[in-house]
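Reading through the structure tokens given below for one structure.
Labels below follow one simple rule: chain letters A, B, ... track the order of the sequence lines, proteins then strands, and each chain is numbered from 1.
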Number of protein chains: 2
Amino acid sequence: MMSPSRKTPPKPARLPCPLASSLDIFGDKWSLLVIRDLFFGKKTFGEFQKSPEHIPSNILAERLKRLESTGIIRKSAYQQKPVRYAYLLTEKGEHLGPVMKAMVDWGNKYIPGTYSFSEIMEMMKKNSGSQNE
Amino acid sequence: MMSPSRKTPPKPARLPCPLASSLDIFGDKWSLLVIRDLFFGKKTFGEFQKSPEHIPSNILAERLKRLESTGIIRKSAYQQKPVRYAYLLTEKGEHLGPVMKAMVDWGNKYIPGTYSFSEIMEMMKKNSGSQNE
DNA sequence: AACAGTCACTTGTATATTGAAAGTAACTGT
DNA sequence: ACAGTTACTTTCAATATACAAGTGACTGTT
């Protein structure tokens, strides 16, 4: 039997496995895409939304909070009147570069039709107002 | 189960971004943990279940199907009477090593309390009958 | 001053995915 | 015959996601 008398553990923190722990932080469908956008120079809520995958705004807001709370990004006000924030990668966040690079390399090798880094870079720049695929 | 009876955009295939496409394949909480286990020499359904993160059996079954359908793993019968399968990484799956390594390195650097590769290796071997966290 | 427009969210609410538990099928070994 | 093992499948409540619409604080235009 499991010990039942304890209080509820807030986050069982899956285990001391660095892979499992990392996945708990950014192992979802969207987090790394936001981080990718930050690498590509995007900074604001609106810019993240314009990316071709079209992240829902509520999910984006939540992910930004999570990434901030885990120290991967931080925000700084870029204007005061209505306070608006730009998001930036911390050192911790920037060190996710190798993780993304490994995934990009794998994708380029094993998923036909994926674009190279520079092609994606181009696509990111002219980030469309189009809602269509 | 419901079937998609209406218009069927079966998999919009998010975009030609290799990162987004990779995430569509293994960007969830469990897939890479199963792949980790395969790297650690685990092969059977029961062995995956015994890993310390305790993946639910229905999720495990689904992930194994998905990983097989995407060519990351394959299965081969290891006995006939009741046909039972052992799962193996394909070349495509083995090449996820660098992705996991990058994540492990990041976790070890930025998540306090995570174990090194060799410590995890040890833990994997004596994969417990313990149900306790 | 009134109104459209922008930006960064927030709030509802369907829908989809997940997780925990229990059940099933095909055996083996006692 | 019956318990045990292995590999799942089924059920269903809980959680997460997606989509649409709305809000608040402005700016710039008429």
Can you name the side-chain contact (heavy atoms from CB on, under 4.5 Å) partners of [X], sequence neighbours left out?
X       : result
B:Lys43 : B:Glu47, B:Ala86
B:Asp28 : B:Trp30, B:Ser31, B:Arg63, B:Arg66
A:Glu68 : A:Ile73, A:Lys75

Quick one, [X] and [Y] - any side-chain contact, counting heavy atoms below 4.5 Å?
X        : Y        : answer
A:Pro16  : B:Glu119 : no
A:Met103 : B:Pro18  : no
B:Ile111 : A:Ser22  : yes
B:Gln49  : B:Pro56  : no

Pairs: protein N or O with nucleotides 8-10 of chain D N or O, under 3.5 Å:
residue : atom : partner : partner atom : Å
D:dC8   : OP2  : B:Tyr87 : OH           : 2.8
D:dT9   : OP1  : B:Lys65 : NZ           : 3.4
D:dT9   : OP2  : B:Lys65 : NZ           : 3.2
D:dT9   : O4   : B:Ser57 : OG           : 2.7

Without decimals, in angstroms, what is the distance between [X] [atom1] and [N] [atom2]?
X       : N      : atom1 : atom2 : result
B:Leu60 : C:dA21 : CG    : P     : 17 Å
A:Asp28 : D:dA18 : CG    : C1'   : 14 Å
A:Lys50 : C:dC9  : NZ    : P     : 14 Å
B:Ile55 : D:dA7  : CD1   : C1'   : 14 Å
A:Lys43 : C:dC7  : NZ    : P     : 16 Å
A:His54 : D:dC19 : NE2   : C1'   : 13 Å
A:Ile59 : C:dT10 : CD1   : P     : 13 Å
A:Arg66 : C:dC9  : CZ    : P     : 17 Å

**Asked** Of all residues at least two apart in sequence or in a different chain, which pass the ring-ring contact (aromatic ring centres under 6.0 Å, His included) check with A:Tyr78?
**Response** none
**Nearest-nucleotide comparison on DNA chain C, the residue closer to the 5′ end among A:Tyr78 and B:Arg63** =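 It is A:Tyr78 whose nearest nucleotide is closer to the 5' end.
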**Asked** Partners of A:Lys109 by side chain to side chain donor-acceptor pair (under 3.5 Å), sequence neighbours excluded?
**Response**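 So A:Lys109 forms no side chain to side chain donor-acceptor pair (under 3.5 Å) with any residue.
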**Prompt:** For B:Asp105, which residues count as a side chain to side chain donor-acceptor pair (under 3.5 Å) partner, sequence neighbours excluded?
**Reply:**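 Scan of B:Asp105 (side chain to side chain donor-acceptor pair (under 3.5 Å), adjacent residues dropped) gives B:Lys101.
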Pairs under 3.5 angstrom only: tabulate donor-acceptor contacts from the side chains of residues 87-100 of chain A to other protein residues two or more places apart or in another chain.
residue : atom : partner  : partner atom : Å
A:Thr90 : OG1  : A:Gly71  : O            : 2.6
A:Thr90 : OG1  : A:Ile72  : O            : 3.0
A:Thr90 : OG1  : A:Lys92  : N            : 3.3
A:Thr90 : OG1  : A:Gly93  : N            : 3.1
A:Glu91 : OE2  : B:Tyr110 : OH           : 2.3
A:Lys92 : NZ   : A:Thr70  : O            : 2.7
A:His95 : ND1  : B:Tyr110 : OH           : 2.7

**Item:** Any donor-acceptor N/O pair, A:Thr114 side chain to A:Gly107 backbone, under 3.5 Å
**Value:** yes
**Message:** Taking only side-chain N and O atoms of A:Lys29, does any of them lie within less than 4.0 angstrom of OP1 or OP2 on D:dA16?
**Reply:**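 Answer no for this pair, as no side-chain N or O of A:Lys29 is under 4.0 Å from OP1 or OP2.
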**Message:** Check the phosphate of C:dG19 against B:Trp30, side-chain N and O only, distance under 4.0 Å to OP1 or OP2. Yes or no?
**Reply:**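 For B:Trp30, the contact criterion (side-chain N or O under 4.0 Å from OP1 or OP2 of C:dG19) is met.
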So which protein nitrogen or oxygen atoms get under 3.5 Å of nucleotides 24-28 of chain C's nitrogens or oxygens?
residue : atom : partner : partner atom : Å
C:dC27  : OP1  : B:Lys81 : O            : 2.5
C:dC27  : OP1  : B:Pro82 : N            : 3.4

**Prompt:** Members other than A:Tyr85 in its cluster, when Ile, Leu, Val, Met, Phe, Trp, Tyr link by side-chain heavy atoms under 4.5 Å?
**Reply:** A:Val83
Review item, nucleotides 2-4 of chain D N/O atoms under 3.5 Å of protein N/O:
none

Please produce a list of atom pairs where a protein N or O lies less than 3.5 Å from an N or O of nucleotides 13-15 of chain D.
none

**Message:** Determine whether the aromatic ring centres of residues A:Phe40 and A:Phe117 are separated by less than 6.0 angstrom.
**Reply:**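 Yes.
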